[in-house]
Amino acid sequence: AVASGEHFATRTATLMTESLGLTGTPSFLAPEVISGKTPDARSDIFALGVVFYEMLAAENPFERDAVAATLGSVVHDTPPPPSGRNPAVPPPLDALIAKMIAKDPAGRFATPAELLDAIRSVRAGVAVPGLAAQAAAPPVSKGRRIPRAVVAVRCRRRWVRRRAPRAGRPGPLRGRA
């Protein structure tokens, strides 16, 4: 079976990081993992923060054309908030994701339980200690859950379509020598 271009590119990047002694998809590896330190729950929180960012902004904040550039971006670059790409993202959610993808593990949530409490507080419109730049946001009503989910799915579909090969054009890593 032939893998899709996107899956093939991701798998190839994962294999390349394995050859460097790292296991995982480059743009989701926490900076401390890239530096050779032992991962812990905060490393997983970083990866989840990248997933949240990608869902809301319809792009990975660290992914670049080459594996080395992606790893360098993870270690050195601070991405703009997701609201820069999706104005529907409220400031408290920007702050939550910024804390999840902080470069220093000490700047992230210490445990998944702490993260879950913060997510619940943001959803309820309650200020979360330790999150910067929080605006007073109204609680998310049950009626707004579906539209936000639909927006996230549509953004993801657009992102996938943009990355998909077009007729007559090779996809990522296809047709290249």
Side-chain angles (χ1 to χ4, degrees), residues 1-89 91 93-109 115 132-133 148-177:
V2 177
S4 71
E6 184 175 340
H7 173 75
F8 181 74
T10 301
R11 182 70 187 135
T12 302
T14 301
L15 291 173
M16 291 176 83
T17 58
E18 288 174 1
S19 70
L20 296 172
L22 302 170
T23 302
T25 304
S27 58
F28 296 91
L29 291 173
E32 65 272 15
V33 174
I34 294 169
S35 300
K37 297 179 182 154
T38 304
D40 60 14
R42 295 171 299 181
S43 304
D44 293 333
I45 289 170
F46 179 89
L48 183 61
V50 174
V51 170
F52 283 4
Y53 188 105
E54 195 169 351
M55 287 173 58
L56 294 169
E59 71 178 11
N60 187 298
F62 303 112
E63 191 171 310
R64 304 295 182 264
D65 290 336
V67 173
T70 298
L71 295 173
S73 178
V74 169
V75 173
H76 301 292
D77 296 348
T78 301
S83 61
R85 300 263 308 147
N86 179 359
V89 177
L93 195 51
D94 275 341
L96 180 96
I97 291 171
K99 184 166 181 168
M100 291 174 74
I101 62 174
K103 301 297 177 197
D104 181 8
R108 292 183 215 133
F109 296 98
L115 171 60
R148 284 188 179 170
V150 169
V151 168
V153 168
R154 286 180 182 161
C155 288
R156 175 71 180 160
R157 283 184 188 153
R158 269 187 261 136
W159 180 79
V160 169
R161 273 191 230 123
R162 280 194 313 245
R163 296 181 56 106
R166 294 191 178 112
R169 291 178 50 196
L173 302 179
R174 282 195 194 160
R176 296 183 185 157

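It should be emphasised that the depicted structure is a prediction, and the values quoted were computed from it without experimental measurement. We count residues from 1, following the sequence as given.
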Contacts satisfying ring pair (Phe, Tyr, Trp, His ring centres under 6.0 Å) that involve residues 36-57 (not counting sequence neighbours) are F46-F62
Please name all residues satisfying side chain to side chain contact (heavy atoms under 4.5 Å, CB included) with D40, sequence neighbours left out, ordered by chain then number.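 In terms of side chain to side chain contact (heavy atoms under 4.5 Å, CB included), with neighbours along the sequence ignored, D40 is linked to R42, S43.
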Who passes side chain to side chain contact (heavy atoms under 4.5 Å, CB included) against A69, sequence neighbours left out?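 Residues passing side chain to side chain contact (heavy atoms under 4.5 Å, CB included) with A69: R64, A66.
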If every non-hydrogen atom of [X] is compared with every non-hydrogen atom of [Y], which pair is closest and at what distance?
X	Y	value
K103	S73	NZ-O, 3.6 Å
L29	V74	O-CG1, 3.0 Å
R85	A57	NE-O, 3.5 Å
G49	I97	O-CG2, 3.9 Å

Under 3.5 Å, is there a donor-acceptor pair between the side chain of N86 and the main chain of A88? yes
Quick check: does any side chain N or O of D94 sit under 3.5 Å from a backbone N or O of P81, one acting as donor and the other as acceptor?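 Answer holds: no.
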Among V51, V50, L115, exactly one meets side chain to side chain contact (heavy atoms under 4.5 Å, CB included) together with M100. Which residue is that? L115
Point-to-point distance, once rounded to the nearest 0.5 Å, from CG of L48 to CD1 of I101: 11.0 Å
Give a yes or no on whether D104 atom CG has more than 12 heavy-atom contacts from other residues, nucleotides or ligands under 6.0 Å away. yes
